[in-house]
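Along the sequence shown, residues carry numbers from 1.
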Amino acid sequence: MKTSSDYLQSLKQRGEKIACLTAYDASFAHWLVEAGVDVVLVGDSLGMVLQGQESTLPVTLDHMIYHAAAVARGAPEALRIIDMPYRSYTSKDQALANAQRLIGEGHGHIVKLEGGEQVLPIVEHLVNKGVPVCGHLGLLPQSIEELGGYKVQGRDDAGAAQIKQDALALESAGICALVLECVPASLAKAVTVSLRVPTIGIGAGVDCDGQVLVLYDMLGITAGKRPSFSKDFLADAGSVQAAIAAYVKAVKQLEFPTLKQSFS
Ligand code: KIV
């Protein structure tokens with residue numbers, strides 16, 4: 001069934017790349033599904049691209065539920081991952097109550113949360129209670145103040161080792177997929193081959209099991225500077241629908257990302 005995390009696992013097993021994009025509303029969500037996107041991420045990046053915030057930190061659980069429910073109405077047949085926003089998973093009980101709202105009221109299938117060893121007890125608790133969880137390692141936008149800015153992570157030996165260790169620990173804790181953001185392509189490849197669950201990269205090279213981009217970045221409509229690992233698919237496509245279809249095709253055929261959109 002396409003709305004279960006088993007679907008992502010089956011794509012990894014048969015070596016088919018997973019095409020993922022963010023969506024925050026019903027109309028875009030509809031066109032993502034029409035174009036063959038495998039999984040829709042309702043990301044807390046909505047704080048920046050929709051709300052004009054400087055980071056994802058001001059995004060609330062109610063914001064996520066509002067947008068997740070809109071996406072579900074636009075794409076009821078899509079597999080939908082919903083971000084748990086900043087400070088919505090600081091204890092087991094709080095995380096469970098909030099994840100249940102994202103699934104119950106936001107109609108999500110999987111929740112995503114950021115971090116490694118510090119979130120393991122939370123991940124284990126959610127999974128034990130039947131909540132499918134996607135992990136997120138590398139650049140963690142919710143920890144941007146601690147990280148000192150939007151920088152590539154895991155370039156040094158210690159950082160790379162920590163990401164590899166965290167990935168294995170998250171898999172043992174029960175995650176069903178892992179987003180890898182802004183890490184060297186060689187590190188993303190090493191993590192990907194070490195895991196049974198699929199990795200979905202953003203600025204993480206072509207060897208991840210799938211790719212995700214912020215929709216507004218790949219349509220070239222994000223105001224201001226866009227990340228170097230993104231690509232404007234609308235520029236050559238002529239329509240939003242064709243741009244999304246071109247992205248899906250490029251991901252499936254390993255034509256995106258290229259070295260230009262990857263880090264070493
Ligand atoms: O919030 C988001 O859109 C994300 C992606 C950048 C992976 O988490």
Side-chain angles (χ1 to χ4, degrees), residues 5-22 37-39 41 43 45 79 81 110 112-117 119-120 123 133-141 143 147 150-214 217-218 226-231 233 246-264:
S5 57
D6 294 349
Y7 176 58
L8 298 181
Q9 187 67 55
S10 72
L11 291 178
K12 174 163 179 146
Q13 271 162 7
R14 66 174 189 251
E16 180 177 338
K17 296 285 179 184
I18 298 163
C20 178
L21 283 173
T22 67
V37 164
D38 298 303
V39 53
L41 169 65
S45 51
L79 176 59
I81 302 179
I110 299 170
K112 176 165 81 61
L113 51 83
E114 297 181 8
E117 62 189 8
V119 298
L120 291 177
V123 171
V133 178
C134 175
H136 185 150
L137 291 173
L139 175 61
L140 308 178
S143 304
L147 295 176
Y150 294 92
K151 299 176 194 154
V152 180
Q153 302 296 307
R155 271 190 160 142
D156 59 317
D157 289 348
Q162 186 67 55
I163 289 171
K164 285 181 191 163
Q165 186 182 314
D166 284 344
L168 289 170
L170 283 168
E171 179 169 85
S172 298
I175 56 164
C176 61
L178 177 66
V179 167
L180 288 171
E181 179 165 357
C182 284
V183 297
S186 56
L187 172 59
K189 182 177 181 179
V191 171
T192 299
V193 298
S194 76
L195 296 184
R196 280 173 287 106
V197 298
T199 60
I200 303 177
I202 174 163
V206 76
D207 291 309
C208 292
D209 296 307
Q211 300 293 328
V212 59
L213 284 178
V214 169
D217 290 343
M218 63 75 70
R226 285 188 293 278
S228 63
F229 54 75
S230 191
K231 178 181 167 183
F233 282 85
Y247 168 78
V248 172
K249 184 165 173 266
V251 169
K252 298 276 179 193
Q253 298 187 346
L254 281 67
E255 288 163 359
F256 179 83
T258 63
L259 287 180
K260 190 175 161 203
Q261 295 114 11
S262 306
F263 300 109
S264 53

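Both the sub-6.0 Å distance and the 45° axial angle are satisfied by K231 relative to the ring of F233.
Side chains of S262 and P257 form a contact here, defined as non-hydrogen atoms less than 4.5 Å apart. Inter-residue side-chain proximity for F263 and S228 is flagged as met; some heavy-atom pair is nearer than 4.5 Å.
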Report task. Start with the C-alpha distance between Q153 and I163, add both sets of side-chain angles, then the distance that settles side-chain contact (heavy atoms from CB on, under 4.5 Å), and finish with yes or no. Result -> CA-CA 9 Å; Q153 302 296 307; I163 289 171; 4.3 Å; yes
From CA spacing to verdict: side-chain contact (heavy atoms from CB on, under 4.5 Å), V133, I110 = CA-CA 5 Å; V133 178; I110 299 170; 5.7 Å; no
List the steps, then state whether side-chain contact (heavy atoms from CB on, under 4.5 Å) holds for V152 with L139. CA-CA 7 Å; V152 180; L139 175 61; over 6 Å; no
For residues 166-182, which side-chain donor-acceptor pairs fall under 3.5 Å, sequence neighbours excluded?
from, atom 1, to, atom 2, distance (Å)
D166, OD1, E117, N, 3.4
D166, OD1, Q162, NE2, 3.0
E171, OE2, R196, N, 2.7
E171, OE2, V197, N, 2.9
S172, OG, L168, O, 3.2
E181, OE1, H136, NE2, 2.9

Kindly list each side-chain donor-acceptor pair under 3.5 angstrom involving residues 203-214, sequence neighbours excluded, with atom names and distances?
from, atom 1, to, atom 2, distance (Å)
D209, OD2, K12, NZ, 2.8
D209, OD2, T199, N, 2.9
Q211, NE2, G205, O, 2.9

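The distance from atom CE of M218 to atom CZ of F256, rounded to the nearest 0.5 Å, is 8.5 Å. Distance check, rounded to the nearest 0.5 Å: SG of C134 to CG of L41 gives 7.5 Å. Rounded to the nearest 0.5 angstrom, S186 OG and R155 CZ are separated by 10.0 Å. Distance check, rounded to the nearest 0.5 Å: CD of Q13 to CG of L8 gives 11.5 Å.
For D157, the CG atom is loosely surrounded, since the number of other residues' heavy atoms within 6.0 Å does not exceed 12.
Under the salt bridge (Lys or Arg N to Asp or Glu O under 4.0 Å) criterion, K112 pairs with D83, sequence neighbours left out. Listed by chain and residue number, K260, Q261 satisfy the side chain to side chain contact (heavy atoms under 4.5 Å, CB included) test with T258 (two or more places apart in sequence, or in another chain). Listed by chain and number, the residues in a side chain to side chain contact (heavy atoms under 4.5 Å, CB included) with A190 are K164 (sequence neighbours excluded). With sequence neighbours left out, K252 forms a side chain to side chain contact (heavy atoms under 4.5 Å, CB included) with E16, A19, D38, V248. A search for side chain to side chain contact (heavy atoms under 4.5 Å, CB included) contacts involving S10 returns Y7, R14, not counting sequence neighbours. Listed by chain and residue number, T222 satisfy the side-chain hydrogen bond (donor to acceptor under 3.5 Å, both in side chains) test with D217 (two or more places apart in sequence, or in another chain).
A side-chain donor-acceptor contact under 3.5 Å links Y247 to the backbone of C20.
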